[in-house]
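In what follows, a structure is listed as structure tokens, so that the remarks can point back to it.
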Amino acid sequence: MNDKAQFDQQHFDSLYPKVKFSRRGFIASSFATGFAVSAGPVMAQQAIKTPADGLEVGEGVLPVAGGNLPIYFAAPKKAGKYATVILIPEIWGLHEYQKDVCRRLAKAGYYGISLDPYFRQGQLWKITDFKQVLSAANALDDKVMLADLDALVAWVEQQPKANARKLGITGMCRGGRTVWMYTAHSKKIKAGVAWYGGLNALPPAQPQTPIDIADQLNAPVLGLYAGADQGIPPDAVERMRAALLAFGKDKESPIHVYPGMPHAFHADYRPSYRKEAAEDGWKRMLAWFKKHGVA
């Protein structure tokens with residue numbers, strides 16, 4: 001097995017749960033609840049459900065090159081301008097998990113906004129074949145992804161409740177990788193939090209890695225990684241740390257590793273969810289944003 005094939009298998013293993021379940025019943029349940037179909041059995045009883053009371057929520061599309069970018073936002077209903085956090089989704093795009101996290105951010109006093117970076121490939125959260133989802137998501141070119149985010153930021157700057165001068169970014173899985181990449185691309189981000197973001201290149205769409213752009217970060221990023229992540233092994237995290245150290249950014253952008261935790265430990269709708277680590281990471285994220293002016 002060559003290096004790319006080995007990485008692809010590790011990536012697959014880290015994202016796809018090794019559990020037995022009734023496929024037919026699971027798919028029906030996933031559609032009913034709005035969660036990603038191919039992510040594994042939806043743990044409906046443990047999935048966090050954040051009510052919209054006291055919030056202003058909305059969804060729509062933003063015209064960008066090649067189509068209409070779906071977006072979802074949530075903010076406190078009370079009048080005012082709120083520090084803003086962009087939430088970048090996992091490989092399944094914009095589904096109920098991301099929407100709920102936006103509402104959690106709003107409950108914490110933020111204007112939380114998410115998007116579907118993969119909309120040109122279809123609604124990936126509805127696709128039943130996981131490998132098809134992975135292939136489609138990995139086809140998203142970094143240049144397109146960065147341009148879409150620039151368009152989203154420009155839109156956010158026009159929203160009456162969004163304080164874009166206090167702009168943060170966070171994301172999980174592929175979204176965690178995007179946090180690193182976009183923070184190196186944009187000077188408008190004040191702080192980022194990357195949850196188990198991938199650290200390998202997948203050319204031609206993703207020719208660079210967060211390691212490659214460690215010297216270009218325009219704002220501090222907190223990395224939250226999982227010690228037992230099969231797709232992002234400890235040596236990859238150490239290479240990222242070494243790159244940050246080499247460019248004098250290790251104290252500005254630290255990495256915290258949760259020993260023994262699996263990939264996607266924050267994804268409360270999946271079997272990979274680990275409540276203690278997820279809650280600790282959430283507290284660290286909010287404290288990080290506050291420390292760096294996103295509050």
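Hydrogens, waters and symmetry mates play no part in the numbers below; they use all other heavy atoms, side chains included.
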* Does the side chain to side chain contact (heavy atoms under 4.5 Å, CB included) test come out yes or no for F289 and T170, once each step is laid out? -> CA-CA 10 Å; F289 284 144; T170 191; 4.2 Å; yes
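- Applying the side-chain hydrogen bond (donor to acceptor under 3.5 Å, both in side chains) test to every pair with at least one member in residues 148-160, sequence neighbours left out, gives these pairs: R120-D148, D150-Y182, D150-H185, E157-K188.
- One finds no salt bridge joining D53 and R103 here, because no Lys/Arg side-chain nitrogen approaches an Asp/Glu carboxylate oxygen to under 4.0 Å.
- Residues satisfying the salt bridge (Lys or Arg N to Asp or Glu O under 4.0 Å) criterion with R239, sequence neighbours excluded, are D235.
- Residue pairs meeting the side-chain hydrogen bond (donor to acceptor under 3.5 Å, both in side chains) criterion with at least one partner in residues 285-295, sequence neighbours excluded, are absent.
- Atom CG of L87 is separated from atom OH of Y72 by 11.5 Å, given to the nearest 0.5 angstrom.
- The salt bridge (Lys or Arg N to Asp or Glu O under 4.0 Å) check on K99 picks up E59, with sequence neighbours excluded.
- For the pair I211 and L199, the tightest heavy-atom approach, listed with the atom from each and the gap, is CD1-O, 4.0 Å.
- Connection of V64 to I86 is established within a shared hydrophobic cluster, with ILVMFWY side chains joined at heavy-atom distances below 4.5 Å, either directly or through further cluster members.
- Sequence neighbours left out, the pairs with a member in residues 271-280 that pass side-chain hydrogen bond (donor to acceptor under 3.5 Å, both in side chains) are Y258-D280, K275-E279, D280-R284.
- To the nearest 0.5 Å, the span separating OH on Y196 from CD1 on I232 amounts to 9.5 Å.
- Residues A36 and W92 share a closest heavy-atom pair of CB-CG, 3.4 Å.
- Looking at heavy atoms from C-beta onward, I88 lies in side-chain contact with L149 at the 4.5 angstrom threshold.
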* To do: Applying side chain to side chain contact (heavy atoms under 4.5 Å, CB included), run through L217 and S253 and close with a yes or a no.
  => CA-CA 9 Å; L217 294 174; S253 295; 3.9 Å; yes
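- Between Y269 and H95, the angle of the ring planes goes over 60°, which puts this pair in the perpendicular group of the 30/60° scheme.
- R177 is linked by a side chain to side chain donor-acceptor pair (under 3.5 Å) to D142, Q206, counting only residues two or more places apart in sequence or in another chain.
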